[in-house]
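Please read the structure below before turning to the comments.
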Amino acid sequence: LDNALEYFTDTVDSIYRNIVLKHKVPAKQIIFLSAVPNMIDTVKSVAEKYNAPQIKLDYFNVFEATGIDTIYKNQNIIGITKTKKWPKKFLCLNRRWRPHRPLMMMMLYEKNLLDKGHISFGKSDRGDNWRSSFRELRYIYKDNKFINDLIERNKEIVNLPDLYLDTNDLVTNRAEYESSILKFYKETYFSVVNETTYHEGIPFFSEKIFKVMAIGHPFVLSTVPNSLPILRELGYKTFSPYIDETYDSIQDNGERMIAIVNEIERLSNLDKAETLQFIANVRPILAHNYSVLVAKKSKWNISTRVNY
């Protein structure tokens, strides 16, 4: 059973209810493919709940294939230029208005950082808007005075026009690589990767992170805490000390986003000499991550995170 395109942990409970219990298929004859690195914890919990053996689990990240495909279509690492002026400092691609994305946009807006990035953020397939996002964030952060005050201070963000880059279609899923986005990588020297999960507490690496690695951009990763060590376990390198990655260990969702945006601000304010030194420092890491992707012999990347 393959659910490697999604992060839904409740799939495990459905497998037990509808296959193991209802149709009496032995749990040990089921292999479940998931892109959630810690899905084994859910399998153990659900198996215990139903007093049944554990189904077999393989961590299976099909999205690495998106990075491989990006490399094949480019044939060489693009990376970041060393001598030009950068029209923008960072690239931040967004489609659906998952709650952490408008939260980040508000923080960037308040710090006057929106103009320093190439950012996509406009109407998506869920019909979200700023007013619905305010309601959602107030509910999520009902006990967080800072976030509620942030919303109150920045209500005029409702007048922010939709932000588009290579396309104004933010409805179509763009998981596959498209060359029209390349110029925006070339005009920036780091990426802000707003991953799929954040408040859900479920680690999940989509095409977003692997495209960035394939193209050769250093990144700040906005997702659930303690995700960077998992990336390193998979063979990739991250960017400490050149990027302050302590944000990744912050458990509180609001405080983690504050730390992420503070690091975006610091990197965006590097002068030219500091930027050139930053690029020189991270270039070996970029080359390593590119090499790890190139070395993948198959799109079917079964890792060691298995329970059998």
Side-chain angles (χ1 to χ4, degrees), residues 4-7 34-39 59-74 77-80 90-96 98 100-101 104 117-121 165 173-178 181-182 184-185 188-240 242-245 247-249 256-257 260 263-264 267 282 285-296 299 301 303 305:
L5 294 177
E6 300 291 352
Y7 64 88
S34 172
V36 176
N38 63 353
M39 186 67 84
Y59 173 73
F60 173 76
N61 202 318
V62 70
F63 290 110
E64 280 182 293
T66 308
I68 297 168
D69 183 60
T70 300
I71 288 172
Y72 287 157
K73 288 179 177 178
N74 284 295
I77 191 168
I78 295 164
I80 37 184
F90 63 91
L91 175 63
C92 182
L93 301 173
N94 302 277
R95 187 170 68 92
R96 285 180 176 162
R98 300 182 188 277
H100 62 290
R101 293 172 183 163
M104 176 184 285
H118 277 315
I119 300 170
S120 65
F121 194 73
L165 294 175
N173 188 312
R174 300 184 179 277
E176 297 298 322
Y177 165 76
E178 296 179 0
I181 202 67
L182 278 184
F184 302 104
Y185 281 100
T188 55
Y189 56 83
F190 73 100
S191 281
V192 177
V193 179
N194 256 332
E195 261 297 356
T196 303
T197 58
Y198 188 91
H199 295 96
E200 299 85 353
I202 302 169
F204 183 77
F205 303 121
S206 72
E207 79 286 345
K208 302 171 187 65
I209 190 65
F210 295 112
K211 282 183 183 179
V212 169
M213 290 186 189
I215 289 173
H217 244 207
F219 56 82
V220 175
L221 180 61
S222 173
T223 187
V224 304
N226 303 315
S227 289
L228 293 179
I230 300 173
L231 274 180
R232 293 192 288 268
E233 180 186 331
L234 297 175
Y236 302 100
K237 292 183 178 180
T238 60
F239 298 94
S240 179
Y242 313 115
I243 293 177
D244 182 356
E245 296 179 337
Y247 65 81
D248 183 61
S249 63
R256 188 168 67 261
M257 184 60 75
I260 288 169
E263 185 59 7
I264 295 171
L267 292 171
V282 301
I285 300 173
L286 301 176
H288 169 85
N289 290 342
Y290 178 87
S291 297
V292 170
L293 275 172
V294 168
K296 300 290 183 179
K299 294 183 179 180
N301 177 39
S303 82
R305 284 176 168 263

Discussion item. Run the side-chain contact (heavy atoms from CB on, under 4.5 Å) test on Ile264 and Tyr247 for me, step by step, so that the C-alpha distance in whole Å, both residues' side-chain angles and the decisive distance to 0.1 Å come before the verdict.
Written reply: CA-CA 11 Å; Ile264 295 171; Tyr247 65 81; over 6 Å; no
Practice prompt. Without swapping roles, check the side chain of Arg95 against the backbone of Phe121 for a donor-acceptor pair under 3.5 Å.
Written response: no
Worksheet item: Would you call the rings of Phe190 and Phe90 parallel, tilted or perpendicular, where under 30° means parallel and over 60° means perpendicular?
Response: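 Tilted.
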Practice prompt. Look at the rings of Phe204 and Phe63 and say which category their plane angle falls in: under 30° parallel, 30 to 60° tilted, over 60° perpendicular.
Written response: perpendicular
Worksheet item: Which is it for Tyr7 and Ser206 under the side-chain contact (heavy atoms from CB on, under 4.5 Å) test, yes or no, and what are the steps along the way?
Response: CA-CA 10 Å; Tyr7 64 88; Ser206 72; over 6 Å; no
Measure the [atom1]-[atom2] distance between [X] and [Y] for me, rounded to the nearest 0.5 Å.
X: Leu221; Y: Ile209; atom1: CG; atom2: CD1; value: 5.0 Å
X: His100; Y: His199; atom1: NE2; atom2: NE2; value: 8.0 Å
X: Arg174; Y: Glu207; atom1: CZ; atom2: CD; value: 12.0 Å
X: Phe205; Y: Met213; atom1: CZ; atom2: CE; value: 8.0 Å
X: Ile202; Y: Asn38; atom1: CD1; atom2: CG; value: 8.0 Å
X: Leu91; Y: Ile215; atom1: CG; atom2: CD1; value: 8.5 Å

With a 4.5 Å cut-off on side-chain heavy atoms, are [Y] and [X] touching?
X: Leu93; Y: Phe184; answer: no
X: Tyr236; Y: Glu64; answer: yes
X: Tyr59; Y: Met39; answer: no

Smallest separation among heavy atoms of [X] and [Y], with atom names:
X: Leu293; Y: Phe210; answer: CD1-O, 3.8 Å
X: Thr197; Y: Thr223; answer: O-OG1, 2.8 Å
X: Lys237; Y: His288; answer: CG-CD2, 3.4 Å
X: Ser191; Y: His217; answer: OG-ND1, 2.7 Å
X: Ser222; Y: Asn194; answer: OG-OD1, 3.0 Å
X: Asn94; Y: Ile119; answer: ND2-CG2, 4.1 Å

Worksheet entry | Polar contact flag, side-chain donor to acceptor under 3.5 angstrom, Thr238-Arg232 | yes
Worksheet item: Just by distance, with hydrogens left out, do Thr196 and Lys208 show a side-chain donor and acceptor under 3.5 Å apart?
Response: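 Yes, Lys208 and Thr196 have a side-chain donor paired with an acceptor closer than 3.5 Å.
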Practice prompt. Before giving the answer on side-chain contact (heavy atoms from CB on, under 4.5 Å), spell out for Ile243 and Leu267 the whole-Å C-alpha distance, their side-chain angles and the decisive distance to 0.1 Å.
Written response: CA-CA 8 Å; Ile243 293 177; Leu267 292 171; 4.1 Å; yes
Fill in: Row check, Tyr198 ring normal vs Arg256 NZ/CZ: under 6.0 Å, within 45°
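Here Arg256 passes the 6.0 Å and 45° test against Tyr198.
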Discussion item. Go through it in stages, so that I can follow the logic: the residues are Phe219 and Val282, the test is side-chain contact (heavy atoms from CB on, under 4.5 Å), and I'd like the CA-CA distance, side-chain angles, deciding distance and then a yes or no.
Written reply: CA-CA 10 Å; Phe219 56 82; Val282 301; over 6 Å; no
